[in-house]
Enquirer: 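I have a structure I would like to understand better, so I am pasting it below and will then ask my questions one at a time.
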Amino acid sequence: MNRLFLAIILHSLCSLCLCGKSSSEEPCTSGPQAGQRCGPYAALISTGPQRGQSFCYICQTGDKPAVVVFAHTPTDPLGKLVVQFDKAVTDRKRADLCAWVTFLSDQQLELDPKIVKWSERFAIRGVPLGIFEDPLGPPGYRLSKDADVTVLMFVKQKVVANFVFRTGELNDDKIKEVMTALPRIVSEKK
């Protein structure tokens with residue numbers, strides 16, 4: 001009986017190890033996919049003209065090309081990505097490109113000052129940052145709990161490109177990959 005019990009435990013442990021390994025290798029799906037619509041949601045804004053207000057950038061954007069980044073933590077790689085979007089917004093004023101970052105957290109009061117300092121450190125000026133007070137994100141967006149960063153590029157409120165990164169996956173190569181998709185929603189003309 002002890003051998004049978006030991007065999008069952010070993011089989012269970014092996015199964016758990018294999019399941020854990022295969023799930024981390026599978027691509028993470030998060031948020032609306034290409035062709036799906038981005039629904040309205042409001043976040044409490046931490047930087048920019050609407051600071052301190054609950055604001056819906058989806059509502060303001062209308063049919064304009066836009067990028068929304070959902071993130072859990074203000075990391076250095078995320079800062080590098082947002083700096084690229086900040087530059088793109090400035091360079092593409094004629095195209096009316098909009099971009100913003102929505103941090104997902106149920107700790108808005110603790111996160112707000114960290115976001116402000118993070119934005120100052122990276123000199124982010126044209127991309128407002130806000131906090132949606134639910135770690136799972138806006139209802140209907142179906143953001144993955146495994147995703148640390150989800151980037152949605154859309155025009156006429158329909159997703160054109162979707163990028164998802166687990167914790168530690170966002171790096172310089174992935175940032176280049178994301179930025180090469182930007183011409184899909186806005187022309188390269190300045």
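Note that the structure is a prediction, hence the values are computed from the model and not measured.
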Enquirer: Please check if the side chain of Arg51 supplies one atom and the backbone of Ser46 the other of a donor-acceptor pair under 3.5 Å.
Expert: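 Yes, the answer is positive, given that a donor and an acceptor are paired below the 3.5 Å cut-off.
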Enquirer: Determine whether a donor-acceptor pair (N or O, by modelled atom type, separation under 3.5 Å) exists between the side chain of Glu110 and the backbone of Gln108.
Expert: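 It does not hold such a pair.
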Enquirer: Using a distance-only test with no angle check, is there a side-chain donor-acceptor pair under 3.5 angstrom linking Tyr141 and Thr150?
Expert: no
Enquirer: Does any part of the side chain of Val67, heavy atoms only, come nearer than 4.5 Å to the side chain of Val151, both counted from C-beta?
Expert: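 Result yes, sub-4.5 Å side-chain heavy-atom pair found.
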Enquirer: Are the side chain of Asp106 and the backbone of Pro135 linked by a donor-acceptor contact shorter than 3.5 Å?
Expert: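 Not confirmed, Asp106 side chain does not pair with Pro135 backbone.
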Enquirer: Does a side-chain heavy-atom distance below 4.5 Å link Phe103 with Ile115?
Expert: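 A side-chain contact under 4.5 Å exists here.
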Enquirer: Spell out, as yes or no, whether a donor-acceptor pair under 3.5 Å connects the side chain of Thr73 to the backbone of Thr75.
Expert: no
Enquirer: Are Leu78 and Trp118 side-chain neighbours, meaning at least one heavy-atom pair lies under 4.5 Å?
Expert: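 In short, these two side chains touch, coming nearer than 4.5 Å.
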Enquirer: Drop me the distance from Asn171's CG to Lys80's NZ, to the nearest 0.5 angstrom.
Expert: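 Reported value, rounded in 0.5 Å steps: 9.0 Å.
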Enquirer: Are Arg142 and Gln36 side-chain neighbours, meaning at least one heavy-atom pair lies under 4.5 Å?
Expert: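 When only atoms from C-beta onward are counted, Gln36 and Arg142 do touch, with a gap below 4.5 Å.
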Enquirer: Could you tell me the separation between the OG atom of Ser119 and the CG atom of Leu129, rounded to the nearest 0.5 Å?
Expert: 5.5 Å
Enquirer: My understanding is that only one of Thr47, Val89, Thr61 makes a side-chain contact (heavy atoms from CB on, under 4.5 Å) with Trp100; could you say which?
Expert: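 Exactly one candidate clears the test, Thr61.
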Enquirer: Do Phe165 and Leu152 sit in the same hydrophobic cluster, where Ile, Leu, Val, Met, Phe, Trp and Tyr count as joined when their side-chain heavy atoms come under 4.5 Å apart?
Expert: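 Each belongs to a different hydrophobic cluster.
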Enquirer: Look at the side chain of Asp86 and the backbone N and O of Val127, then say whether any donor-acceptor pair between them is shorter than 3.5 Å.
Expert: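 The answer is yes, because a donor-acceptor pair under 3.5 Å joins these two groups.
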Enquirer: Under a 3.5 Å distance rule, please check whether Arg184 uses its side chain to pair with a backbone N or O of Ala161 as donor and acceptor.
Expert: no
Enquirer: Return the orientation label for the Phe132 and Tyr41 ring planes: parallel under 30°, perpendicular over 60°, tilted otherwise.
Expert: perpendicular
Enquirer: Do Ile175 and Val164 land in one hydrophobic cluster if side-chain heavy atoms of ILVMFWY residues count as linked below 4.5 Å?
Expert: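 No, Ile175 does not connect to Val164 through the hydrophobic network.
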